[in-house]
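Below is one structure, written out as structure tokens; comments come after it.
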4 protein chains.
Amino acid sequence: MVRKRLRKQQIMQAAIEVFGKSSYHEANISEIARKAGIAEGTIYQYFKSKQDLFFSIGLERTKDFCKQIDLNLEGVTGTSSKIRKLVWYYLFYFKTNPDYVRSLMLEMRVSRDFVKSSPHKSFKAFSKQVLQILKEGQEDGLIRNDVDLYLAQHLLLGTLEHVVTRWLLKGEKYDLLKYHDQVSELVLNGICSEKKPL
Amino acid sequence: MVRKRLRKQQIMQAAIEVFGKSSYHEANISEIARKAGIAEGTIYQYFKSKQDLFFSIGLERTKDFCKQIDLNLEGVTGTSSKIRKLVWYYLFYFKTNPDYVRSLMLEMRVSRDFVKSSPHKSFKAFSKQVLQILKEGQEDGLIRNDVDLYLAQHLLLGTLEHVVTRWLLKGEKYDLLKYHDQVSELVLNGICSEKKPL
Amino acid sequence: MVRKRLRKQQIMQAAIEVFGKSSYHEANISEIARKAGIAEGTIYQYFKSKQDLFFSIGLERTKDFCKQIDLNLEGVTGTSSKIRKLVWYYLFYFKTNPDYVRSLMLEMRVSRDFVKSSPHKSFKAFSKQVLQILKEGQEDGLIRNDVDLYLAQHLLLGTLEHVVTRWLLKGEKYDLLKYHDQVSELVLNGICSEKKPL
Amino acid sequence: MVRKRLRKQQIMQAAIEVFGKSSYHEANISEIARKAGIAEGTIYQYFKSKQDLFFSIGLERTKDFCKQIDLNLEGVTGTSSKIRKLVWYYLFYFKTNPDYVRSLMLEMRVSRDFVKSSPHKSFKAFSKQVLQILKEGQEDGLIRNDVDLYLAQHLLLGTLEHVVTRWLLKGEKYDLLKYHDQVSELVLNGICSEKKPL
DNA sequence: CATGAATGAGGTTTCATTCAT
DNA sequence: AATGAATGAAACCTCATTCAT
């Protein structure tokens, strides 16, 4: 029982590393098996297929991410504080899980099968969470009423994704958390400020 | 030889269609050849490899995109007008080139080899253009001095990419241009408004 | 131990069902184990290998078949009555054991290893039985002296096998016993009639 | 054009040999390729899959067999002569094509996918041919009216298949044609003689 | 220039069998 | 005796690329 769980974790850990440094197609089951210290066939007792393994990682990690976000937001009051915390945690999580995140950001999220997959559902749960925060912000009067909340979400998540993606593609050479404060600032400004006549 | 140029275009057009509806790995040289009405071997007289063909499309289209942006921005004065125009054209271009854009957004931009590739350089040229606009905006006093222009760029391009990516993954069912005005608004607000004490 | 015997039967019964609905190669040990309600490894305590299990079924059932034939022929007098009874019982047995028979007729009997196997020996015992009946028929004057008894056997068994095989391949949709009388008739005619100048 | 045809034949010939000495599952594509003196991949330019290759052989050979039967029966008059000729040619063909026939008799004919396959259709054409001969025989008064022609077919084809199958399983050690005359005799007797009161 | 037949490495996956518990 | 997790060999098939015509 517990042994099976451990073995599954062991395989997923190896897979995260391998998928992290090569693309899905470049990665081999044989390398994952070698890294996990088991036989290739063993992987197929725990996962239906290579893609199943790939998406299982996405599912598990995205769930974990959501749970951590929840924990981190607990007790935080005020929309702006919530968003600041969310930005910080988002960057922090990706900073500390670069292997996983490389797969998620650069491949999984973008795969045509992803939208039909279970990790995608988990990912959507996160989106909803964000939307909920924004909604509360609008009800509190922090966010202007004329702001389309879906666009606000695009602004927030798009900026974060862009920051993370560039960081990844540039080789993770700088500290991802460095700008967390300014990112929050900009995003909050975008959705909260008085509309200026431009 | 003009003939050579035409043949190259013919292959690229077929490739855009094939890469547009399947992922890079799912797409076959044989299908591209069939669609172009030529033999598989012929492709290798115009392109070094499958990846070369893939990136060549990216290069050509990104160059074209930059040229069009230039043309569109010519004569436009004022940072905010420039940004509005840029947002509009960005969405317009992607709306009218969904096949190409699916490859670019969902795969090319995210490929590990992309940063070393020529389309990436072209893409960086576009980034520079954007940065230049933002810089002018800061010199004009429109954009606050305390705004990191690289972050402003993340905000602008990240939001646009996010909007476009979701549109693609959702099956291009709505009009991508619908929100162009509000997107501009939000982004401009983010980088131009007085810093509010939050 | 009677327990051992029972367990063996339990495995064989499950195997008959599984081999009956899939071919030898399509059938899995794992499915047989599942159907028998035991672990895969357990099978290997009762059978040396998959093929051993497969042939063991053949052996057991063919033995059973021979025994039943013996019982059925007991007290039957006259070659022609014996053959009629044999034909009837042959068709009856196969009608009532379609799963087993599908394996036997369509795969086992035809396997390259079959001739070296134990069920084959059992099968040969049945052949001998048939030959004995035919021999008696010739001694009684029922069967012409110029008939090669081995050919007569081919005629009898070939016809029966053909009838059964077609029935199986056509999905067992009609009553296999329907024609038993006419089959006997034809076969008996073939081997018993006066030689006609044709 | 002609080259392609030759290459296809070359592959089929190698496949016949390999399938002839091993069962379908034991045979490897790699061995067929080696025997044909080509690369494995080449086979897949001519055949969709291993099974396609397997059945293609069946189709081609069965067609050939039917054509030859036709040619051989041309000009032969009288049902009994036709049947004699058919028996002779059946045994002759199988004697001279033992590799192919081993596959056909021992595996193909008996495969669950065979009934849905194209060689099966060709095989049925042969059956029809036989039935037609029998029908004419009944109209001519040679075959008794009370004989079910389908059973007569079972008698004829079943006997032939049995003779051939035993010959194969015994290692093709004797001359398959040896008994052709007696086989015809027995079968004709079965279906043509006056019904004897038994 | 164009062709398209041939290549062949390489990957995923299956499954009978083993063996430590 | 029973288990069932682990094995690992082996096989089919794909497809980008080459090269003789």
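Numbered from 1 within each chain, the chains take letters A, B, ... in sequence-line order.
Counting heavy atoms from C-beta on, the side chains of B/Arg7 and B/Arg3 come closer than 4.5 Å. The side-chain heavy atoms of A/Thr62 and A/Tyr100, taken from C-beta on, include a pair separated by under 4.5 Å. Proximity of A/His120 to A/Phe55: side-chain heavy atoms (C-beta onward) are nowhere separated by under 4.5 Å. D/Tyr24 places none of its side-chain heavy atoms less than 4.5 Å from the side chain of C/His25. C/Gln10 is not listed as a side-chain neighbour of C/Leu6, based on a closest heavy-atom distance of 4.5 Å or more.
Between A/Lys67 and A/Asp64, none of the side-chain N atoms (NZ, or NE/NH1/NH2) sits under 4.0 Å from a carboxylate O, so this pair counts as no salt bridge. Taking a cutoff of 4.0 Å between a charged side-chain nitrogen and a carboxylate oxygen, A/Lys8 and A/Glu60 do not qualify as a salt bridge.
In 5' to 3' order, the nucleotides of DNA chain F bounding all contacts with chain C (an atom under 4.0 Å from a heavy atom) are F/dA1 to F/dG4.
Pairing partner, F/dA20: E/dT3, with both Watson-Crick or wobble hydrogen-bond distances short of 3.5 Å. With a cut-off of 3.5 Å on both Watson-Crick or G-U wobble distances, the partner of E/dC15 is given as F/dG8. Pair assignment for F/dT14: E/dA9, on the basis of Watson-Crick or G-U wobble contacts that are both within less than 3.5 Å.
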Going through the checks in order, is the side chain to side chain contact (heavy atoms under 4.5 Å, CB included) test met by D/Lys21 and D/Asp99? CA-CA 7 Å; D/Lys21 76 163 199 289; D/Asp99 274 340; 5.6 Å; no
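No side-chain donor-acceptor contact under 3.5 Å links B/Glu31 to the backbone of B/Asn28.
The stretch residues 2-28 of chain A comes close to DNA chain E through A/Ala27, A/Asn28, each having a heavy atom under 4.0 Å from the strand. Of the residues in residues 35-48 of chain D, those placing a heavy atom less than 4.0 Å from an atom of DNA chain F are D/Glu40, D/Gly41, D/Tyr44, in numerical order.
Taking the C1' atom of each, F/dT21 and E/dC1 are spaced 13 Å apart, rounded to whole Å.
If you measure from atom CD1 of C/Ile32 to atom C1' of E/dC15, you get 12 Å, rounded to the nearest angstrom.
Closest non-hydrogen pair, B/Tyr44 versus B/Ser49, comes out as CE2-CA, 4.0 Å. When all heavy atoms of A/Ser103 and A/Gly20 are compared, the closest pair comes out as OG-N, 4.0 Å.
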